[in-house]
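Lettering of chains follows the sequences in order, A, B, ..., and the numbering in each one begins at 1.
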Amino acid sequence: MFGVTKEGHSVCAHVHGFEPYFYASVPENFGEADCAAFRRRLNEEVSAARKNAPGVHVVDVSLERKQSLMHYSDVKDRLFAKITMGLPNMVSAARGILEKGFSVPGVRDGAFTTYPTFESNIVYALRFMVDCAVVGGNWIEFPVNSYTVRAKKASHCQIEVDIMYDKLISHPAEGEYSKLAPFRILSVDIECAGRKGHFPDAQLDPVIQIATLVTEQGSDKPIIRAVWTLDTCAPIVGADVLSFKDERELLRNWGNFLRGCDPDLLIGYNIVNFDFPYLLERAEKLGVADFPYWGRLIGTKVRMRDTVFSSKAYGTHESKEISCEGRVQFDMLRAIQRDYKLSSYSLNAVSAHFLGEQKEDVHYSAISELQNGTPETRRRLAVYCLKDAYLPQRLLDKLMYMYNYIEMARVTGVPLNYLLTRGQSIKVMSQLLRKARQRNMLIPHHVKQGGGNVQAEGGVAYEGATVLDAKAGYYEMPIATLDFASLYPSIMMAHNLCYSTLVPKDKVGKLNPDDYGTSPSGDTFVKASKVKGILPEILEELLGARKRAKADLKKATDPLQKAVLDGRQLALKVSANSVYGFTGAMVGQLPCLEISSSTTAYGRTMIDHTKKMVEEKYRTVNGYTGNAEVIYGDTDSVMIKFNTPDLAESMKLGEEAAVYVSETFLKPIKLEFEKVYWPYLLISKKRYAGLLWTNTENYDKMDTKGIETVRRDNCLLVRQVIETVLEKILKQRDVQGAVKYVQSTIADLLMNRLDFSQLVITKGFTKEADSYGVKMAHIELAQRMRQRDPATAPVVGDRIAYVIIKAAKNAKAYEKSEDPIFALDNNLPIDTKHYLDHYLTKPLLRIFEPILHNAQSVLLHGEHTRRIAQPTPTAKAGGIMQFAKIRLSCIGCRAPISDEKMSKSLCKNCLNDESQHLRKALASVNNLEGDFNRLWTQCQRCQGSLHQDVLCTSRDCPIFYRRKKVQKDLTEATAQLRRFDW
DNA sequence: ATAGTAGCCTAA
DNA sequence: TAAGTTAGGCTACTAT
């Protein structure tokens, strides 16, 4: 075990005596005497499976009485063999043999027998943690006299001890023990010098800089700010600069620093996929033999291998797994990808989003130039590199990542690094194992069904929630919303749904009807009065703990304590909600569709029941102002129009209805009055917007669900237009203003007055390119980019940004997609009409149609839809414009100039007003120069220096696109100006 | 032209 | 080996 004391000393503890083991179910007549024969036979089989590896693999077989977690049974204990193995990695071999079956002399007359196994798929570290009540990120005490200090150290840690596993004391995260340890956090960023036009390749291109920031958890100032540079570098205030002539020396020196610093956490942005692999590959290439020792164990090299993580919720991500004993690699990119849904995950975009701060984005091709310049240009690069090491630390602090992730580890019991490298299910499994252990229960190893698909092709395994039909429309009366609090957890608790309470179909008859309940999906579970389920118990504890955390949070004054508690309540909520998903995960550790389908089935009856009760009670015949109508509802909510224009009355009725309906449900199921929407625009199922009121004084905010404004796959233009239109309609109640705004925006779009940043669409690259069945705009673009530059082309898991450019008339959208930077550099014209017809029209009509009866004609026909002429490329030719011939046209009236002897600038008619046209051209250049200078300065400010060239080419920055556009316009205007004779 | 559906992303 | 769930709107592609 590795850790840190509260004084900040790193600790390595060699924990001894804990052996890997698992269980197998054995016949009741299996005797003590059979254990020896069983052990011998199993050992033979394991040896054979391990290519006749000699030795004792199966250390011990003993008998214990336990209960299976699966199914309710009146038999309270059954016979299990506890099988102890010599090495952790032997468990899976033994499991395979037992599940396939073998024969043991004396057991069932030596007949071939299969043995179901239990807890045989638990990794050794987690097994240890569960048994010793150790959770990720908690405090462990080594009592006096229980350990010995090592004289000859095997690690780089400051303190190194030996201890027996049963001597250590694990403290629950309460009181003093809820504090976070003063972890040492090392943030890193590297720069490499790629060859011209190529992305850096570790086989060829040197590492030229490594910026490193060391911070102690809880402190807001770094202890160390340093940059290792290849070649000289001018000094940087507040940072140590270590310059090296030789790249090998640079690497060696940084490696020594890493070991000496001995950090607990390694952070950075995309470190696991770029910086770390690059450093390791580079050192290998250069033969720096003493470099790859990053872990805390002396003499243990880091090992690197490719891994793929793939889940429906998190998507597919390829990455490198780097073993580094005793240090957690916490890649901020991974964390943010998991926790936030953003259009772009570049460090720049993420910093802008969370820190409100842009960073300059220096293209990899510009880096070599800086490196090959002077000490000053290398200093420039070093400052940039330091910033990239600093930002991940800032993000870690800003997003309270240490608090949130440590609390998640503590609540669910998994080690910290699981939270970024593993899925949701291991967290539920960890809790299940701990709870089962308390109850003397064993978790069966779920044997995956081989052969055909368990689940219908493209279909689903079981029925989910009800979404009530949406009575679409614009509601000017208040709409009250009732929600079930933690619906699925509360259903599982109320009906005692669990593996251990599920009654097999053929056993139901034996039970007293008072002791069980049958769910609407036809599955039977015993009631809590008979035996309480483990899942309900876990959920109760999670939700109870969350209530306490929230109460403590209210009382807390210390900001650090608040952060811990807020992290905890969040972790508890997320954990409670993922229990249901775990039972329904067909490709998970222990799926139980009886539980998940019963949960959703109860939910379906409940929302129907709620709708019925509300609509039956709240009627004029019962003395209410109006007849209530449920206009919509999804899973756990109902939206009610009480048919009163009065906000206060709606709220009162909402509260009353919540209590009235809640009474008809079992505890702890509770329907709550949450909020009122007023006004409310219901577009369809899962799509609505409204002003949200929780008091009668002021609305809280505009709430938008499912509409384009909250979808990442729309361009900024669409999101902004829809957002503004909704605000004008709902907040300002100014439909005419909304119409005017739409008309002027459409005009701007068609007149090409919008910059690229508003037109960039992003979509996820979700699976390998060749497994796409249909051609898609973003995937086709990714392929084209791969041809241009394989090193920087998007890969699976990335989000791909593109714009739609003009192409031949009937070109498919996937032929018109283009990388915004490429389009900008090559002057490719945007297909503005495509944006209007395909992205803007329908969303606008969906919003306006319930409000404006002639929406179509008002919004989409008329003066503002006239476009400026733009050249359309004739050949497809990858969308690149083919200029046939440039003809001069009059600057004043655009008429072709036939008589070139007259003037290069104006036609005969306009020549009369030459001075006026010249003044106009001059003014235009002046204006554009002013605009350009302002944008340039803004970019300089962002890069932190007003004396240096702007190098930034950030796909995520609107200023960048605007600067580029103005630059282009300026070039054009200057060219026109030159045509005048003056 | 039209119907069916793959793929994306969201609601809950 | 490990990977939370289903419902549903919408766009664009593709076969008919």
Under the side chain to side chain donor-acceptor pair (under 3.5 Å) test, which residues partner A:D819, sequence neighbours left out? A:R955

Return a single string for nucleotides 4-12 of chain B, one symbol per nucleotide in 5' to 3' order, where B is base contact, S is sugar-phosphate-only contact and - is none, cutoff 4.0 angstrom on heavy atoms. ---SBBSBS

Considering only distance and modelled atom types, tabulate donor-acceptor pairs under 3.5 Å from the side chains of residues 479-486 of chain A, sequence neighbours left out.
none

Taking atom C1' in both C:dG4 and B:dA12, compute the distance separating them and give it to the nearest angstrom. 14 Å

Which ring pair (Phe, Tyr, Trp, His ring centres under 6.0 Å) pairs, counting each pair once, include a residue from residues 794-820 of chain A, with sequence neighbours left out? none

On DNA chain C, nearest-nucleotide positions of A:Q589 versus A:V467: which is more 5'? A:Q589

C:dT11 OP1/OP2 closer than 4.0 Å to side-chain N/O of A:R846: yes

From C:dT11, C:dG9, C:dA7, nucleotide with atom closest to A:S684 side chain: C:dG9

Proximal nucleotide (of C:dA7, C:dC13, C:dA3) relative to the A:F309 side chain: C:dA3

Less than 3.5 Å apart, which donor and acceptor atoms pair up between the side chains of residues 578-594 of chain A and the rest of the protein, not counting sequence neighbours?
| from | atom 1 | to | atom 2 | distance (Å) |
| --- | --- | --- | --- | --- |
| A:S578 | OG | A:V574 | O | 3.2 |
| A:S578 | OG | A:S575 | O | 3.0 |
| A:Y580 | OH | A:Y462 | OH | 2.8 |
| A:T583 | OG1 | A:Y580 | O | 2.7 |
| A:Q589 | OE1 | A:N121 | ND2 | 3.1 |

Please name all residues satisfying salt bridge (charged side-chain N to carboxylate O under 4.0 Å, His left out) with A:D636, sequence neighbours left out, ordered by chain then number. none

Once you apply a heavy-atom cut-off of 4.0 Å, does A:Y462 come out as touching a base, just sugar-phosphate, or nothing? sugar-phosphate

Under the 3.5 angstrom rule, does the side chain of A:T762 hit a backbone N or O of A:R712 as a donor-acceptor pair? yes

Residues in salt bridge (charged side-chain N to carboxylate O under 4.0 Å, His left out) with A:K701, at least two apart? A:D703

Is the shortest side-chain N/O distance from A:K775 to OP1 or OP2 of C:dC13 below 4.0 Å? no

In whole angstrom, what separates A:Y814's OH from C:dC13's P? 7 Å

Apply salt bridge (charged side-chain N to carboxylate O under 4.0 Å, His left out) to A:K573 and list each qualifying residue two or more places apart in sequence or on a separate chain. none

Which residues in residues 416-435 of chain A have a heavy atom closer than 4.0 Å to any atom of DNA chain C? A:R422, A:G423, A:Q424, A:S425

